[in-house]
Amino acid sequence: MSDARAAGIALGYEVADDAPRRGERIWIPAGGSHVVPAVDAALKAALLAAVLDFRPRQDARVVVLGAELAALDARARAAVRAQVAFLPAGGGLISHLNAWENIALPLAYHAPRQMRGVGPRVYALLEPFAADVRALLARLPEEMTAFEKMLAGYARMMLGAPRLVLAEDPPRGLGPAERRQAEGFSAAYLAHCPEGTYVRLQDGHDEAGPD
């Protein structure tokens with residue numbers, strides 16, 4: 001892939017192999033919502049290690065937001081990483097913090113100047129998905145449903161306005177209505193960040209389908 005084509009790629013990952021296994025090559029164009037189907041645990045772990053922790057396999061090529069990671073120095077990599085968010089199925093919450101603290105404290109630490117007006121922003125993010133936002137924000141993770149945990153993770157992620165989101169499939173066991181809500185995070189993200197790219201990493205045991 002030429003540098004010109006890489007410029008239009010939000011997420012690229014491939015392993016140097018004459019006969020790569022199915023799914024080992026991922027190229028996602030910038031913009032919109034995308035589903036990577038049938039992502040097994042090994043591929044997901046390798047992809048996340050490369051993109052989030054800058055620990056790619058030696059034989060892997062990684063492109064993030066138009067940049068070849070191998071060509072970037074540490075400062076440039078950090079700048080790219082700051083524009084990428086990961087939304088795990090379980091929300092990635094800290095167990096002894098309530099939902100409000102899990103959502104707001106990362107922003108307070110990383111971008112304190114953006115804390116002004118954060119309360120109304122969080123409510124605006126949660127209200128389309130939660131019947132009682134105030135009650136949800138007061139709950140510890142152990143008191144939340146599986147959907148509420150992912151919703152809290154979604155709100156935390158949205159405060160950072162990332163250019164690229166990597167999201168796991170909604171957790172198993174959700175009812176049809178909650179699953180539809182969780183799958184609606186991509187549309188809500190693009191409404192707030194119209195130039196962003198949302199990538200759902202579909203579990204390997206599920207069939208491919210539209211987002």
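The structure presented is a predicted model; accordingly, all values stated were derived computationally and were not measured. When a residue number appears, it is its place in the shown sequence, counting from 1.
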To the nearest 0.5 Å, how far apart are [atom1] in [X] and [atom2] in [Y]?
X    : Y    : atom1 : atom2 : answer
L166 : L47  : CG    : CG    : 6.0 Å
M158 : C193 : CE    : SG    : 5.0 Å
Y13  : L48  : OH    : CG    : 10.0 Å

- Message: Under the salt bridge (Lys or Arg N to Asp or Glu O under 4.0 Å) definition, can you give me all pairs with a residue in residues 146-162, not counting sequence neighbours?
- Response: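 Sorted result for residues 146-162: R139-E148.
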- Message: Suppose clustering is done on Ile, Leu, Val, Met, Phe, Trp and Tyr with side-chain heavy atoms closer than 4.5 Å. Which residues sit in the same group as L105?
- Response: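 L105 clusters with I94, L97.
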- Query: Y109: which other cluster members, linking ILVMFWY side chains closer than 4.5 Å, directly or transitively?
  - Reply: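 Traced through the cluster, Y109 reaches no other member.
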- Run the numbers on L174 and M150 for side chain to side chain contact (heavy atoms under 4.5 Å, CB included), then give the verdict. CA-CA 11 Å; L174 295 186; M150 194 171 193; 5.8 Å; no
- Task: Please assess I103 against L125 for the test side chain to side chain contact (heavy atoms under 4.5 Å, CB included), listing each intermediate value before the final yes or no.
- Result: CA-CA 11 Å; I103 292 168; L125 290 168; over 6 Å; no
I need the minimum non-hydrogen distance between [X] and [Y], along with the two atoms involved.
X    : Y    : answer
E183 : P170 : CG-CG, 4.1 Å
G196 : Y189 : CA-OH, 3.2 Å
P141 : L93  : CG-CB, 3.9 Å
A138 : N98  : O-CB, 3.6 Å
Y198 : A167 : OH-CB, 3.4 Å
T197 : P29  : CG2-O, 3.8 Å

- Message: With ring pair (Phe, Tyr, Trp, His ring centres under 6.0 Å) as the rule and sequence neighbours excluded, what pairs involving residues 37-70 come up?
- Response: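 Qualifying pairs, neighbours excluded: none.
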- What orientation do F185 and Y154 show, parallel under 30°, tilted 30 to 60°, or perpendicular over 60°?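 Answer is parallel, since the angle falls under 30°.
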- Should E68 and R61 count as an ion pair when the cut-off is N to O under 4.0 Å?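 Yes, charged N to carboxylate O under 4.0 Å.
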- Task: Give a yes or no on whether a salt bridge exists between R57 and D59, defined as a side-chain N under 4.0 angstrom from a carboxylate O.
- Result: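 Yes.
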- Message: Under the side chain to side chain donor-acceptor pair (under 3.5 Å) definition, can you give me all pairs with a residue in residues 113-126, not counting sequence neighbours?
- Response: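 Pairs touching residues 113-126 that pass the test: none.
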- Could you tell me which residues satisfy salt bridge (Lys or Arg N to Asp or Glu O under 4.0 Å) with D132, sequence neighbours excluded, listed by chain and number?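 With sequence neighbours excluded, D132 shows a salt bridge (Lys or Arg N to Asp or Glu O under 4.0 Å) to no residue whatsoever.
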- Message: Run K44 and D203 through side chain to side chain contact (heavy atoms under 4.5 Å, CB included) and show every step you take.
- Response: CA-CA 9 Å; K44 183 191 295 186; D203 289 342; 3.5 Å; yes
- Mark yes or no for whether R81, through its side chain, and L52, through its backbone, hold a donor-acceptor pair below 3.5 Å.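 Yes, R81 side chain to L52 backbone: donor-acceptor pair under 3.5 Å.
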